Amino acid sequence: MWKRIAAIAFIFLCTSAAWLILGGTILMRTDSLESRLRGRVQSVWGVAQTQEQPVAEYDVTSIDKRTLPPTSSDIEAGLRLEYRQKGLLWYSAYKVAFRGDYEFRNTTPAKQTLRLVLPLPAAQAIYDDLQFVVDGTPRTPLIDKQRAYVPLDAEPDQTLKLHVSYRSQGLDSWRYSFGQDVNPVSNFHLRMTTDFRDIDFPDNTLAPAEKKEIAGGWQLDWNYRNLLSGYEIALAMPEKLQPGPLASQISFFAPVSLFFFFFVLLLITTLRHIDLHPINYFFLAGAFFAFHLLLAYLVDHVDIWIAFLTAAAVSVFLVISYLRLVAGMNGALREAATAQVLYLVLFSLAFFFKGFTGLAITIGAVVTLFVAMRTTGRIRWSERLAPR
């Protein structure tokens with residue numbers, strides 16, 4: 001009996017090594033392609049965007065430039081999420097419709113030639129229907145590197161109204177910045193709308209003052225009358241379930257699933273006096289490995305849920321059809337199939353729900369221990385495991 005257990009342990013260790021190799025292979029495939037694939041996505045969709053607030057710029061001397069911040073800002077940013085998949089990864093792409101109404105006041109005692117400057121969020125991006133309207137008059141902006149601006153004269157204490165709008169797109173996050181370092185902000189309002197519900201605000205950013213659910217998403221409002229801050233306003237796009245990292249995590253976890261399955265199967269066969277040879281355990285381990293192998297290479301071509309269900313169905317079929325051929329297993333077939341669904345399918349399914357994986361595995365382990373202790377509490381193991 002103990003030689004049989006040692007042989008089963010050897011099969012378990014060999015299969016675990018194969019899973020580690022498979023998981024490492026998936027990670028290498030994912031990491032080696034990530035930078036190249038991200039570059040391809042960025043070439044189409046652009047990069048993460050940071051829209052800096054516009055300023056009114058004027059020259060004091062030929063080398064000395066001064067800026068005036070807006071005295072009021074009323075901004076809208078509509079974000080629409082559009083996922084893009086490349087290889088084993090999903091990228092959180094989005095489209096943004098930006099509109100801003102600003103007021104500037106010439107606080108200098110002299111007439112100035114002001115340049116109303118809108119810093120563009122990113123050089124690697126597209127800007128469709130870019131509009132500049134000053135005091136109700138459309139103006140064609142000049143482009144200087146990553147800035148769009150219009151020059152005009154302003155009398156002392158004169159107020160200028162600037163309307164800007166455009167449509168663009170990017171990846172991962174959208175930000176609104178008040179400039180570098182700490183800056184004063186007056187009469188500020190930003191309304192951000194999304195067509196997705198899973199929202200997240202990055203660290204060291206300003207949280208919205210108001211949140212309101214709308215059809216399919218959120219309406220977020222930031223309101224400040226007099227603010228002094230170096231923080232930005234930012235929203236991170238929700239990430240979709242990543243097929244590559246998920247498949248690798250499930251593969252690395254697979255030895256735990258197989259351990260529980262072998263443990264339950266060993267109890268069943270011992271209690272029912274069913275003779276399973278270590279070679280039988282070898283084929284069962286292969287059926288378990290088939291699940292992860294199919295999952296690893298199906299996620300390249302089909303949806304992650306379709307890949308998961310297909311791999312699970314194939315693995316369960318292999319185990320059940322094989323055990324039906326093993327002499328004396330018909331009576332314990334239901335218990336073995338239930339154990340595989342629990343420890344292979346459901347344990348792997350727990351990885352789809354972030355934050356609950358460890359809890360699900362712990363509950364499964366405790367329940368397994370309880371059932372095993374209840375069903376074997378009256379067994380005399382010295383007699384049951386004695387050589388026959």
Side-chain angles (χ1 to χ4, degrees), residues 46-78 96-170 173-192 206 222 224 226-234:
V47 298
Q49 293 196 358
T50 299
Q51 176 61 66
E52 191 172 326
Q53 75 172 358
V55 294
E57 185 180 82
Y58 65 96
D59 298 326
V60 177
T61 64
S62 59
I63 59 174
D64 186 12
K65 296 181 175 60
R66 303 288 176 87
T67 58
L68 300 172
T71 57
S72 71
S73 307
D74 184 23
I75 307 159
E76 288 186 4
V96 56
F98 180 82
R99 189 273 306 166
D101 289 296
Y102 301 91
E103 290 187 2
F104 295 91
R105 187 165 62 89
N106 180 13
T107 56
T108 67
K111 181 179 180 180
Q112 298 288 351
T113 299
L114 300 180
R115 293 183 295 274
L116 301 185
V117 180
L118 176 70
L120 298 176
Q124 191 176 350
I126 62 171
Y127 303 97
D128 183 32
D129 195 23
L130 177 62
Q131 295 184 9
F132 265 66
V133 180
V134 180
D135 290 336
T137 302
R139 302 288 297 267
T140 300
L142 303 175
I143 306 299
D144 177 18
K145 297 182 180 179
Q146 202 175 313
R147 308 193 317 164
Y149 69 93
V150 291
L152 64 156
D153 295 330
E155 299 292 338
D157 209 37
Q158 180 181 351
T159 297
L160 302 173
K161 294 183 179 181
L162 171 66
H163 169 87
V164 294
S165 63
Y166 61 81
R167 294 190 301 272
S168 187
Q169 57 193 37
S173 66
W174 187 85
R175 294 171 178 263
Y176 188 88
S177 172
F178 302 114
Q180 298 180 353
D181 302 323
V182 177
N183 294 278
V185 181
S186 303
N187 304 314
F188 179 85
H189 172 243
L190 168 61
R191 171 164 292 175
M192 191 184 302
L206 297 170
W222 286 260
Y224 305 110
N226 287 291
L227 174 69
L228 187 65
S229 175
Y231 289 128
E232 298 177 332
I233 294 173

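Given the structure is predicted, the values throughout are model-derived calculations rather than measurements.
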* Any chance the rings of Phe188 and Tyr102 have centres within less than 6.0 Å? -> no
* So how far is it from Asp129 CG to Arg167 CZ, rounded to the nearest 0.5 Å? -> 5.0 Å
* Do any pairs count as a ring-ring contact (aromatic ring centres under 6.0 Å, His included) and have a residue in residues 104-124, sequence neighbours left out, and if so which ones? -> none
* To do: Decide yes or no on side-chain contact (heavy atoms from CB on, under 4.5 Å) for Asp101 and Leu162, but give the supporting numbers first.
  => CA-CA 6 Å; Asp101 289 296; Leu162 171 66; over 6 Å; no
* Asked: Can you find a side-chain donor-acceptor pair between Thr137 and Asp135 that sits under 3.5 Å?
  -> no
* Atom pair CG (Leu114) and CZ (Arg66), whose distance is rounded to the nearest 0.5 Å -> 13.5 Å
* Check whether any side-chain heavy atom of Val55 sits under 4.5 Å from a side-chain heavy atom of Leu68, and report yes or no. => no
* Asked: Which heavy atom of Val150 sits nearest a heavy atom of Pro141, and at what distance?
  -> CG1-CA, 3.7 Å
* Asked: Does the Gln53 side chain pair with the main chain of Val185, one donor and one acceptor, at a distance under 3.5 Å?
  -> no
* Are Asp74 and Arg191 within salt-bridge range, i.e. N to O under 4.0 Å? -> no
* Asked: Distance from Ser168 atom OG to Leu120 atom CG, nearest 0.5 Å?
  -> 9.0 Å
* To do: Would you indicate whether the side-chain heavy atoms of Pro54 and Leu118 approach each other to under 4.5 Å?
  => yes
* Please round to the nearest 0.5 Å and tell me the distance separating atom CG of Leu190 and atom OH of Tyr224. => 9.0 Å
* Is there a donor-acceptor contact under 3.5 Å from the side chain of Thr71 to the main chain of Glu103? -> yes
* Asked: Does the pair Tyr166 and Asp128 meet the rule for a side-chain contact (heavy atoms from CB on, under 4.5 Å), with working shown?
  -> CA-CA 6 Å; Tyr166 61 81; Asp128 183 32; over 6 Å; no
* Atom CD of Gln131 and atom NE2 of His163: how far apart are they, to the nearest 0.5 Å? -> 5.5 Å
* List in chain and number order the residues that pass side chain to side chain donor-acceptor pair (under 3.5 Å) with Glu76, two or more places apart in sequence or in another chain; answer none if no residue qualifies. => Arg99
* To do: Could you tell me whether Arg105 and Asp157 make a salt bridge, using a distance below 4.0 angstrom between a side-chain N and a carboxylate O?
  => yes
* Asked: How close do Ala148 and Ile143 get, heavy atom to heavy atom, and via which atoms?
  -> CB-CD1, 3.6 Å
* To do: Would you check if Lys111 and Asp153 make a side-chain contact, meaning some heavy-atom pair closer than 4.5 Å?
  => yes
* **Electrostatic pair Arg147:Glu52 at N-O distance under 4.0 angstrom** => no
* Asked: Any idea which heavy atoms bring Ala122 and Tyr127 closest together, and the distance?
  -> O-OH, 2.6 Å
* Where do Ser229 and Leu206 come nearest, in terms of heavy atoms and distance? -> OG-CD2, 4.2 Å
* To do: Applying side-chain contact (heavy atoms from CB on, under 4.5 Å), run through Ile233 and Phe178 and close with a yes or a no.
  => CA-CA 9 Å; Ile233 294 173; Phe178 302 114; 4.1 Å; yes
* **Partner residues of Asn183 under the side chain to side chain donor-acceptor pair (under 3.5 Å) criterion, sequence neighbours left out** => none
* **Check against side-chain contact (heavy atoms from CB on, under 4.5 Å), Glu232 and Thr50** => CA-CA 9 Å; Glu232 298 177 332; Thr50 299; 3.9 Å; yes
* To do: Determine the minimum heavy-atom distance between Glu155 and Asn106, stating which atoms define it.
  => O-ND2, 3.0 Å
* Should Leu116 and Val134 count as side-chain neighbours, where that means a heavy-atom distance under 4.5 Å? -> yes
* Do the side chains of Thr108 and Tyr58 get nearer than 4.5 Å, heavy atoms only? -> yes
* To do: Please report the closest heavy-atom contact between Gln169 and Gln49, naming both atoms and the distance.
  => O-NE2, 2.9 Å
